[in-house]
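For reference, the structure is listed below as structure tokens.
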Amino acid sequence: MEENDPMTIFAPDNEAFKNWYEQLGVAGYYEVDETLLRETLLHHMAIGRHFTQGFIHGELLSTPLQDATIEIDTTALSVNGALLDPNYSNQLGTNGVLHGVQAVFDRP
């Protein structure tokens with residue numbers, strides 16, 4: 001992966017982060033172990049531009065996190081078990097695409 005390669009970000013919503021913080025027993029990101037936070041955020045990034053209309057059921061997208069992938073489920077309209085937010089899909093940025101999701105992905 002090159003530094004300027006396009007990325008697809010699966011961004012958890014505020015409620016997802018709130019639930020994750022509760023599970024971890026912390027008040028916010030500033031209390032999350034730095035390694036855990038970094039790996040969690042990298043696990044929400046897929047290499048390349050991926051639009052929902054091109055999703056293939058069961059497809060595994062590569063991430064910058066070693067040994068971690070993002071699995072597409074077109075039947076449930078989810079990625080890694082997190083539902084896609086229909087209000088925040090296919091948001092185009094200068095260096096990729098953003099999709100909202102309703103959960104923080106579990107560590108691989």
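Applying the 4.5 Å side-chain rule to ILVMFWY residues, one finds F51, L92 in the same cluster as V97. Applying the 4.5 Å side-chain rule to ILVMFWY residues, one finds F10, F55, L61, I72, V79, L84, V101, F105 in the same cluster as I70.
Of all heavy-atom pairs spanning A16 and V104, the tightest one is O-CG2, 3.7 Å. Minimum interatomic distance between P64 and M7 (heavy atoms only, all atoms of both residues): CG-CE, 3.6 Å.
Rounded to the nearest 0.5 angstrom, T69 OG1 and L60 CG are separated by 4.5 Å. The distance from the CE atom of M45 to the CD1 atom of I9 is 4.0 Å, given to the nearest 0.5 Å.
Annotation: side chain to side chain donor-acceptor pair (under 3.5 Å) contacts of T52 (sequence neighbours excluded): N90. Taking the side-chain contact (heavy atoms from CB on, under 4.5 Å) definition, one finds that Y88 meets it with D85, sequence neighbours left out. L37 pairs by the side-chain contact (heavy atoms from CB on, under 4.5 Å) definition with W20, Y29, V32, L41, not counting sequence neighbours. Qualifying side-chain contact (heavy atoms from CB on, under 4.5 Å) partners for E22, counting only residues two or more places apart in sequence or in other chains: K18, N19. Remark: S78 pairs with no residue by the side chain to side chain donor-acceptor pair (under 3.5 Å) rule, at least two apart or across chains. When the side-chain contact (heavy atoms from CB on, under 4.5 Å) test is applied to Q91, the partners found at least two apart in sequence or on another chain are L98.
Under the 4.5 Å side-chain heavy-atom criterion for grouping Ile, Leu, Val, Met, Phe, Trp and Tyr, F17 is connected to Y30 within one hydrophobic cluster.
Applying the salt bridge (charged side-chain N to carboxylate O under 4.0 Å, His left out) test to every pair with at least one member in residues 56-65, sequence neighbours left out, gives no pairs at all. Among residues at least two apart or in separate chains, side-chain hydrogen bond (donor to acceptor under 3.5 Å, both in side chains) pairs with a member in residues 31-45 are E39-R107, H43-N80.
Heavy atoms of other residues, nucleotides or ligands lying less than 6.0 angstrom from CD of Q53 number more than 12.
T63 places no side-chain N or O within 3.5 Å of a backbone atom of A46 that could act as its donor or acceptor partner. Under the 3.5 Å distance criterion, the side-chain polar atoms of T8 are matched with a main-chain donor or acceptor of G48.
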